[in-house]
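Letters A, B, ... are given to chains in the order of the sequence lines, protein chains preceding strands, and every chain is numbered from 1.
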2 protein chains.
Amino acid sequence: MTHIDFAYSRDSNTQTNGKTDPAGEIHPCSACTVRTLTVCAALEAEELRRLAEILQTTRFDAGHTVFGEGDPAETLYNVTSGTVKVYKLLPDGRRQITGFLLPGDFFGLSVNDSYAYTAETVTPVSLCRFPRRRMEALLDEFPKMQRRLFSMASNELAAAQDQMLLLGRKTAKEKICSFLLLLSQRASRRGHKTNPVHVPMSRADIADYLGLTTETVSRTFTQLKTSRVISLLEGNKVQIQDMDDLLDLAEGA
Amino acid sequence: MTHIDFAYSRDSNTQTNGKTDPAGEIHPCSACTVRTLTVCAALEAEELRRLAEILQTTRFDAGHTVFGEGDPAETLYNVTSGTVKVYKLLPDGRRQITGFLLPGDFFGLSVNDSYAYTAETVTPVSLCRFPRRRMEALLDEFPKMQRRLFSMASNELAAAQDQMLLLGRKTAKEKICSFLLLLSQRASRRGHKTNPVHVPMSRADIADYLGLTTETVSRTFTQLKTSRVISLLEGNKVQIQDMDDLLDLAEGA
DNA sequence: TTTATTCTTTGATCCATGTCATGGCGGCGG
DNA sequence: CCGCCGCCATGACATGGATCAAAGAATAAA
């Protein structure tokens with residue numbers, strides 16, 4: 001997950017998706033491109049150039065469905081800015097969010113020809129799109145890229161196992177603490193402020209990620225606030241009072 | 001998951017691990033080798049030959065810990081026969097089994113240098129071992145193998161997401177039904193009898209896989225038996241009365 | 001600014017599942 | 001053959017988190 005700064009910039013076939021494009025804010029296409037490419041650090045210049053060729057960028061408003069479960073999987077995505085949630089549904093509407101994706105994360109990989117989950121934006125988002133066919137061709141050509149994607153998949157798998165432990169065996173309080181810790185760690189890894197953590201998603205989303213209800217999430221937050229483990233700040237920020245405390249609480253120690 | 005029959009056989013550096021080797025039953029080393037290699041179908045003869053060179057086979061009794069969470073990750077394993085469970089623990093002993101591995105499945109892949117979970121045999125098991133370093137070298141040499149491993153990781157990721165949905169949002173009854181369905185499907189995919197399903201693991205293991213207690217698992221089984229959805233047969237076999245019924249029950253429809 | 005609308009918090013109550021306890025059954029060693 | 005031990009089943013009871021309900025906050029619309 002090294003974010004090597006890579007001084008490569010080239011306008012690619014940028015497409016500012018109009019469907020729900022919000023007003024204001026200029027769309028820095030080449031910046032997005034560079035950002036995504038740096039995720040593929042350790043690639044050769046040639047590989048980066050080829051990647052940039054097939055990549056397009058898109059923007060979406062908050063609450064926009066990027067693709068639905070079962071849709072034909074034709075595109076691989078990389079988050080450039082904002083937060084995306086991916087989830088699965090049961091027939092009666094129960095929902096499990098399996099991940100929140102932050103800048104640098106890929107999604108939309110599929111083994112079959114259709115997506116196994118739905119992807120929806122949480123905040124306004126910009127994405128890089130890689131047409132699947134062309135991406136596959138590129139992977140065949142550059143084993144190093146494939147290797148990198150494989151290593152990313154392995155990381156995701158490890159994260160998924162942590163999440164299973166959380167869903168299957170942790171209490172509500174442990175779940176919330178683990179979640180805050182996760183956000184903090186991810187912020188740190190991407191070089192952001194780790195302590196007042198930014199929590200861009202709603203209580204309902206948090207609930208569906210942790211296998212709880214919004215009510216329980218809300219109650220647990222106030223409980224943690226009352227016991228001075230955290231405090232809730234303006235702008236969806238959460239201040240962690242004692243990181244070690246939180247770490248213990250997250251594992252029931 | 002194509003199990004192409006591949007007429008390749010060669011005695012590799014087989015090592016019948018003595019530590020807990022049970023009596024009886026001859027260990028068919030070349031058979032195991034072939035079996036594992038066929039999992040890597042679509043590989044060239046040359047690749048298979050090289051794989052066979054670095055592969056060793058081992059046997060373990062039921063209840064043997066193959067490796068523990070945090071151990072240095074030096075070996076990649078492939079199950080040749082038997083069932084293996086992998087799990088994670090919380091400090092106070094709560095356990096989440098993240099998967100049961102059947103013949104053909106790989107485990108022990110690690111992004112860091114240490115395993116992220118514990119692997120323990122459920123039944124007597126034979127395994128193929130691939131030394132990590134040599135395996136990595138081989139992957140670099142044969143992109144097709146890496147591609148295959150990547151595709152397997154993607155499949156696992158999809159399975160993990162299904163499991164998250166199960167753990168976070170399904171009821172006890174739905175969990176048990178999903179579990180039986182999963183076993184049945186996996187049996188079918190490996191060409192075994194799918195209906196009286198063989199369930200080699202204990203109630204406790206099932207509970208820790210589904211995020212339940214043994215009591216609830218037990219009760220739910222009898223409940224399903226009473227409502228004539230399944231019946232319990234000799235030798236840890238479960239007869240599914242109506243597959244469609246079970247399918248509905250597994251998703252709360 | 002006022003009014004809808006949606007999100008969050010909080011309270012009261014309920015229930016699915018956990019916890020604790022007990023007995024049966026089957027395998028295995030002596 | 002008997003007694004031990006680990007699994008499984010079942011009952012009685014407890015409880016964490018769900019559900020139902022409703023009152024604030026925040027945000028968007030008018």
Side-chain angles (χ1 to χ4, degrees), chain A residues 20 22-24 61-63 85 90 92-96 122-124 166-179 199-227 230-238 249 252, chain B residues 22-24 61-63 85 90 92-96 122-124 166-177 179 199-227 230-238 249 252:
Chain A
T20 49
D61 254 359
K85 63 188 172 198
L90 286 172
D92 62 1
R94 280 173 288 172
R95 185 176 70 148
Q96 179 65 43
V122 173
T123 63
L166 178 147
L167 289 169
R169 290 304 181 204
K170 291 190 182 176
T171 65
K173 194 196 266 192
E174 288 161 2
K175 286 176 174 180
I176 296 285
C177 292
S178 301
F179 178 64
V199 182
M201 56 291 284
S202 70
R203 297 287 182 260
D205 282 347
I206 298 173
D208 282 346
Y209 181 62
L210 300 177
L212 299 170
T213 58
T214 62
E215 292 93 330
T216 301
V217 171
S218 191
R219 272 188 255 272
T220 308
F221 265 113
T222 55
Q223 189 188 331
L224 288 173
K225 198 173 58 180
T226 307
S227 54
I230 61 171
S231 43
L232 304 182
L233 274 50
E234 284 298 294
N236 297 320
K237 293 243 188 328
V238 175
L249 285 173
Chain B
D61 254 0
K85 62 189 172 198
L90 287 173
D92 63 2
R94 279 173 288 172
R95 186 177 68 148
Q96 179 65 42
V122 173
T123 63
L166 178 147
L167 289 169
R169 291 303 181 204
K170 290 189 183 178
T171 66
K173 193 195 267 194
E174 288 162 1
K175 286 175 175 181
I176 296 285
C177 292
F179 178 64
V199 182
M201 57 291 283
S202 69
R203 297 286 182 261
D205 282 347
I206 298 173
D208 282 347
Y209 181 62
L210 300 177
L212 299 170
T213 58
T214 62
E215 292 93 331
T216 301
V217 171
S218 194
R219 273 188 255 271
T220 308
F221 265 113
T222 54
Q223 190 188 331
L224 289 173
K225 198 174 57 179
T226 306
S227 54
I230 60 170
S231 43
L232 305 181
L233 273 50
E234 284 298 293
N236 297 320
K237 294 247 187 327
V238 175
L249 285 173

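Looking at heavy-atom distances under 4.0 Å, B:G211 makes contact with sugar-phosphate atoms alone, never a base. A:T222 comes within 4.0 angstrom of the backbone, heavy atoms only, and of no base. Residue B:S218 is classed as a base contact, given a heavy-atom separation below 4.0 Å to a base. Among the atoms of the strands shown, base atoms are found under 4.0 Å from some heavy atom of A:T213.
Regarding A:R169, its CZ atom lies at a distance of 7 Å from the P atom of C:dG18, rounded to whole Å. For B:K175 and C:dT17, the NZ to C1' distance is 9 Å, given to the nearest whole Å. Put simply, CD on A:E174 is 14 Å from C1' on D:dG17, counting in whole angstrom units. What separates NZ of A:K225 from P of C:dT9 is a distance of 7 Å, to the nearest Å. When the C1' atom of C:dC7 is taken as reference, atom CD1 of A:I206 falls 12 Å away, rounded to whole Å. Taking atom CG of residue B:N236 and atom C1' of nucleotide D:dG6, one finds them 14 Å apart after rounding to whole Å. The CZ-P distance, from A:R203 to D:dA26, rounds to 12 Å in whole Å. One can place CG of A:L212 at 16 Å from C1' of C:dT8, the figure rounded to the nearest angstrom.
Within the structure, a side-chain polar atom (N or O) of A:T216 is placed less than 4.0 Å from OP1 or OP2 of D:dA18.
Put simply, the side chain of A:R219 and the base of D:dT19 share a donor and an acceptor less than 3.5 Å apart. Donor-acceptor pairing under 3.5 Å, judged by distance alone, is present between the side chain of B:E215 and the base of C:dC20.
Taken to the nearest 0.5 Å, the OG1 atom of B:T220 stands 11.0 Å off from the CD atom of B:E215. Rounding to the nearest 0.5 Å gives a distance of 10.0 Å between CG of B:L167 and CG of A:L166.
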Using side chain to side chain contact (heavy atoms under 4.5 Å, CB included), reason through B:Q223 and B:K173 one step at a time and then give a plain yes or no. CA-CA 9 Å; B:Q223 190 188 331; B:K173 193 195 267 194; 3.0 Å; yes
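Toward the 5′ end of DNA chain D lies the nearest nucleotide of B:L232, the other residue of the pair A:E234 and B:L232 mapping further downstream.
No side-chain donor-acceptor contact under 3.5 Å links A:R95 to the backbone of A:Y209. Between the side chain of B:R169 and the main chain of A:R94, no donor-acceptor pair closer than 3.5 Å is present.
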